[in-house]
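What you are looking at is a predicted structure, and each value in this text was computed from that prediction instead of being measured. Convention: sequence-line order gives letters A, B, ...; per-chain numbering from 1. As a basis for the values below, the full set of heavy atoms in this structure was taken, side chains included, without hydrogen atoms, waters or symmetry mates.
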Amino acid sequence: MRLSGRLWPTLRDAPADAEAISHKLMVRAGLVRQLASGLYSFLPFGLRSLERIIRIIREEMDRIGAQELLLPVMHPAEIWEATGRYGLDEQFRLQDRGGRAMVLGMTHEEIITWHAARELRSYRDLPQSWYQFQTKLRDEPRPKSGILRVREFIMKDSYSMDRDVAGLEASYAAHAGAYSRIFDRAGLVWYMVESDVGMMGGMGAHEYMAPSTAGEDTIARSPGGAYAANVELAVSVAGEPDFGDAPAAPEPFDTPGIGTIDELAAFTGLSPRMLAKSVVVVTDDGTPVLALVRGEHTLHEKKLAHVVGRHRPAQPDEIREWFGASPGSLGPVGVEGVRIVADPTIARGHHVTGANRDGVHLRGVVLGRDFQAEVADIREVLEGEGCPVSGEPLILEPVIEIGNIFKLGTKYSGPLGATYLDQEGREQPIVMGSYGIGPARVLAAAIEQGNDEAGIVWPKALAPFDVHMVLVGDAGSPQGEYAERLFTELTGLGLEVLLDDRAGTKPGEKFVEAELLGCPVRVTIGKRTLPDGPLEVQVRRGRERRDVPLDGAAAAIRELWDSL
RNA sequence: CGGGACGUGGCGCAGUCUGGUAGCGCACCGGCUUUGGGUGCCGGGGGUCGGCGGUUCGAAUCCGCCCGUCCCGACCA
């Protein structure tokens, strides 16, 4: 492509409200523009990169035998009512002129299953995998970080339909293989981690995560790769303090004015590991719950929700009514009418807890002897705690979720009546899986992972162009004519080339903008180039010069590009 | 939804406290200059100061309401 006359608006300064590096660079490099909160337009060069990742995804989906189709963005509400997902907070809802309730699709499990229910009848029709690239709309409570969390975005979503769980496992594994090839080809650093099934429901799930400080999720992983999981469900081996012998019964002692774990640790001279933290919440049905974790730990709301369901923090007056004391002096001993959930770390040894009398704590409290509790993992993993598989110290790392895979089972096929007849003529529900990738998030993650002070450093596979030619000189000059020839030759060798042939743009500006855009290879043609060469070539990563002789220049550039 | 901040030409900002009719850099247009790292000089065009209402002789500036955008938290298929 010749640049003159094309839309490529670059910015010297990033918009003031851009925070994430990828956000700043995507706007500055003329890839995207914001229309409104969480709504971004892709400009031509941004679209080129988006199409490149989409192409990679499509190739790998086709390779595992998935079939591409395209489903509507707007759906009748009844289908969502059938699965109980109508009315979710993030769902855009509207009415057509006849007053019929419609929704804008947040995802397409319902619609795929609706079609599967009509088209798939026999075990001979299974398995199947269908996928699409389609816009999703979600009324996010808080769009952020440029393109990373938006209200409208394209997703590659695919769905597998199998006869049974064994078939689902095979489809799931096929997708996992495709995803690993996709993210490798995209040039990302990425992890596959165990993830929460969330509201998708089902039998198991993994997420694909690209490490980045701009990420909204955190994973725990062991350095050797033995284990990796979203902290929402990550487990760890917590260190054990030297408890010493527990007293025969809990011993009360005065702790005037002590309200926090830190204060209690300082006051008693004990490690926070010897202390139990009491957190009170109320479930949606009004049941008070006392959650116990060790002093150094933080309660993980999502993990607790798996045990007690949806809940909210208790109010101070509620706490006083149930415990007879204020936060800071609460504990599990002698409490009635309160559901008690303790982290496994509390089940070992003995701990200091509140005595449910202001200003008094108990030492030597033993679970099972002094109080009863449900034991469940409800704490956040701490960096450095032991990997549950290898025992190595766990690493906590912020990540961008770039894809996910879910074993849905019959969660959708059941309510929507997607069944088939097996070999014995019995009706069976189709066993499904669903698999997503956010192409734009892949781009943002690539930029988060590949940038320097000059701008974007694209992975080869995702750059808008393979080669960025900077012409210093007029179109009709010898340099201009040579640039045209080289452009044609490089294109003929299968490279996608941008020729900056703009008149009236200063060389310095062209160089700066080329580095901002970040294509893997830059070639400069100017007075120094002709007639003897060499041809100045810069590799964007590291901004390293790799000049090549004029003779055979195109082939040499192609070779250089291949070697990157 | 809770907390915080911001809104002045395309982008980045000053001016607001202390009211007097809008300014700077970049970008854009014209001329000259320059021609390998956002060139230099000269001359231009472009802004109902987010909106509505109020106070005032007079409002970007003070007051009220609303809208928008971002950040932290909550939430997040």
Exercise. Without swapping roles, check the side chain of A:Arg441 against the backbone of A:Leu148 for a donor-acceptor pair under 3.5 Å.
Key: yes
Ignoring hydrogens and angles, write down the donor-acceptor pairs under 3.5 Å from the side chains of residues 203-211 of chain A, residues two or more places apart or on other chains.
| from | atom 1 | to | atom 2 | distance (Å) |
| --- | --- | --- | --- | --- |
| A:His206 | ND1 | A:Tyr172 | OH | 2.7 |
| A:Glu207 | OE1 | A:Asn230 | ND2 | 2.8 |

When rounded to whole Å, the OH to C1' distance for the pair A:Tyr435 and B:rA77 reads 15 Å
Sub-3.5 Å pairs of nitrogen or oxygen atoms, protein against nucleotides 13-16 of chain B:
none

Taken in chain and number order and not counting sequence neighbours, the residues that satisfy salt bridge (charged side-chain N to carboxylate O under 4.0 Å, His left out) with A:Lys303 are A:Asp377
For residues 468-485 of chain A, the salt bridge (charged side-chain N to carboxylate O under 4.0 Å, His left out) pairs (sequence neighbours left out) are A:Arg2-A:Glu484
When rounded to whole Å, the CD1 to C1' distance for the pair A:Ile79 and B:rA77 reads 18 Å
### Query
Distance between the C1' atoms of B:rC75 and B:rC17, in whole angstroms?
38 Å
Pair A:Phe465 and A:Phe45, ring centroids less than 6.0 Å apart: yes
Return yes if a side-chain donor-acceptor contact under 3.5 Å exists between A:Asp285 and A:Thr283, otherwise no. yes
As its Watson-Crick or G-U partner within any shown strand, both distances under 3.5 Å, B:rG47 has none
Under 3.5 Å: donor-acceptor pair, side chain of A:Asp466, backbone of A:Val521
no
What's touching nucleotides 37-40 of chain B from the protein side, N or O pairs under 3.5 Å?
| from | atom 1 | to | atom 2 | distance (Å) |
| --- | --- | --- | --- | --- |
| B:rG37 | O6 | A:Arg522 | NH2 | 2.7 |
| B:rG37 | N1 | A:Glu515 | OE2 | 3.0 |
| B:rG37 | N2 | A:Glu515 | OE1 | 2.7 |
| B:rG37 | N2 | A:Glu515 | OE2 | 3.4 |
| B:rG38 | O2' | A:Arg12 | NH1 | 2.9 |
| B:rG38 | O2' | A:Arg12 | NH2 | 2.5 |
| B:rG38 | N2 | A:Glu509 | OE2 | 3.0 |
| B:rG38 | N2 | A:Glu513 | OE2 | 2.6 |

Quick one: do A:Arg543 and A:Glu453 make a salt bridge, cutoff under 4.0 Å? yes
(Q) When you measure from the side chain of A:Trp458 to the backbone of A:Leu517, do you find a donor-acceptor pair of N or O atoms at a distance under 3.5 Å? (A) yes
Item to complete: Using the P atom as the reference point in each nucleotide, state the distance between B:rG9 and B:rG46 in Å, no decimals.
Response: 15 Å
Between NZ of A:Lys411 and P of B:rA77 the distance, given in whole Å, is 11 Å
note: A:Leu43, atom CG; B:rC11, atom C1'; distance rounded to Å ~ 15 Å
Note: contacts of residues 141-148 of chain A with RNA chain B (heavy atom, under 4.0 Å) are A:Pro141, A:Arg142, A:Pro143, A:Lys144, A:Ser145
For A:Asp452, the salt bridge (charged side-chain N to carboxylate O under 4.0 Å, His left out) test, sequence neighbours excluded, returns A:Arg540
Give me the distance, rounded to whole Å, that separates B:rC70 from B:rG12 when you measure between the P atoms they each carry.
13 Å
Taking a pair to mean Watson-Crick or G-U wobble geometry with both distances below 3.5 Å, B:rC17 pairs with none
Students often get this wrong, so: under 4.0 angstrom with heavy atoms, is A:Ala36 touching a base, only sugar-phosphate, or nothing? sugar-phosphate
Can you find a side-chain donor-acceptor pair between A:His175 and A:Ser160 that sits under 3.5 Å?
no
Report task. Can you tell me, in whole Å, how much space there is between the P of B:rG47 and that of B:rG37? Result -> 37 Å
In whole angstroms, the gap separating C1' of B:rU35 from CG of A:Asp500 amounts to 14 Å
Which value, in whole Å, describes the distance between the C1' atoms of nucleotides B:rA59 and B:rG15? 14 Å
**Pair A:Glu515 + A:Arg522, salt bridge at N-O below 4.0 Å** = yes
Regarding the side chain of A:Glu19, the nearest nucleotide among B:rC71, B:rA77, B:rG25 is B:rC71
Rounded to whole Å, the CE-P distance (A:Met106 to B:rC75) equals 16 Å
Identify each atom pair where a protein N or O and an N or O of nucleotides 44-47 of chain B are less than 3.5 Å apart, giving names and distance.
none

N/O (side chain, A:Ser37) to phosphate O (OP1/OP2, B:rG68) under 4.0 Å: no
Partner of B:rA59 under the Watson-Crick or G-U wobble criteria, both distances under 3.5 Å, comes out as none
Practice prompt. Between B:rU8 and B:rG50, how far apart are the P atoms? Round to whole Å, please.
Written response: 6 Å
query: Quick one: is B:rU35 close enough that its OP1 or OP2 comes under 4.0 Å of any side-chain N or O from A:Gln479?
result: no
Check your understanding: Is it true that the side chains of A:Tyr86 and A:His75 contain a donor and an acceptor less than 3.5 Å apart?
Key -> no
B:rU69 -> Watson-Crick or G-U wobble partner, both distances under 3.5 Å, gives B:rA5
Which atom pairs link the protein and nucleotides 3-8 of chain B when you take only N or O atoms and keep those under 3.5 Å?
none

Judged by modelled atom types alone, do A:His108 and A:Gln132 share a side-chain donor-acceptor pair under 3.5 Å? yes
Sorted by chain and number, sequence neighbours left out, side chain to side chain donor-acceptor pair (under 3.5 Å) with A:Glu383 holds for none
Pick base, sugar-phosphate or nothing for A:Ala18, based on heavy-atom distances below 4.0 Å to the nucleic acid. nothing
How far does the C1' atom of B:rC42 sit from the matching atom of B:rG4, given to the nearest Å?
47 Å
Of B:rA77, B:rC11, B:rC76, the nucleotide closest to the side chain of A:Arg149 is B:rC76
- Task: May I ask you to decide if A:Pro127's main-chain N or O and A:Asp162's side chain share a donor-acceptor pair within less than 3.5 Å?
- Result: no
Residue set satisfying salt bridge (charged side-chain N to carboxylate O under 4.0 Å, His left out) with A:Glu301, at least two apart, ordered chain then number -> none
Checklist entry - At under 4.0 Å between heavy atoms, what does A:Thr524 touch on the DNA or RNA strands: base, sugar-phosphate, or nothing? => result base
- [ ] Using the C1' atom as the reference point in each nucleotide, state the distance between B:rU21 and B:rU16 in Å, no decimals.
- [x] 15 Å
**Study point:** N/O donor-acceptor pair under 3.5 Å between A:Asp217 side chain and A:Ile400 backbone
**Key:** no
As its Watson-Crick or G-U partner within any shown strand, both distances under 3.5 Å, B:rG10 has B:rC26
Those residues at least two apart in sequence (or on a different chain) that pass salt bridge (charged side-chain N to carboxylate O under 4.0 Å, His left out) with A:Lys510 are A:Asp500
Paired to B:rC52 by Watson-Crick or G-U wobble criteria (both distances under 3.5 Å) is B:rG64
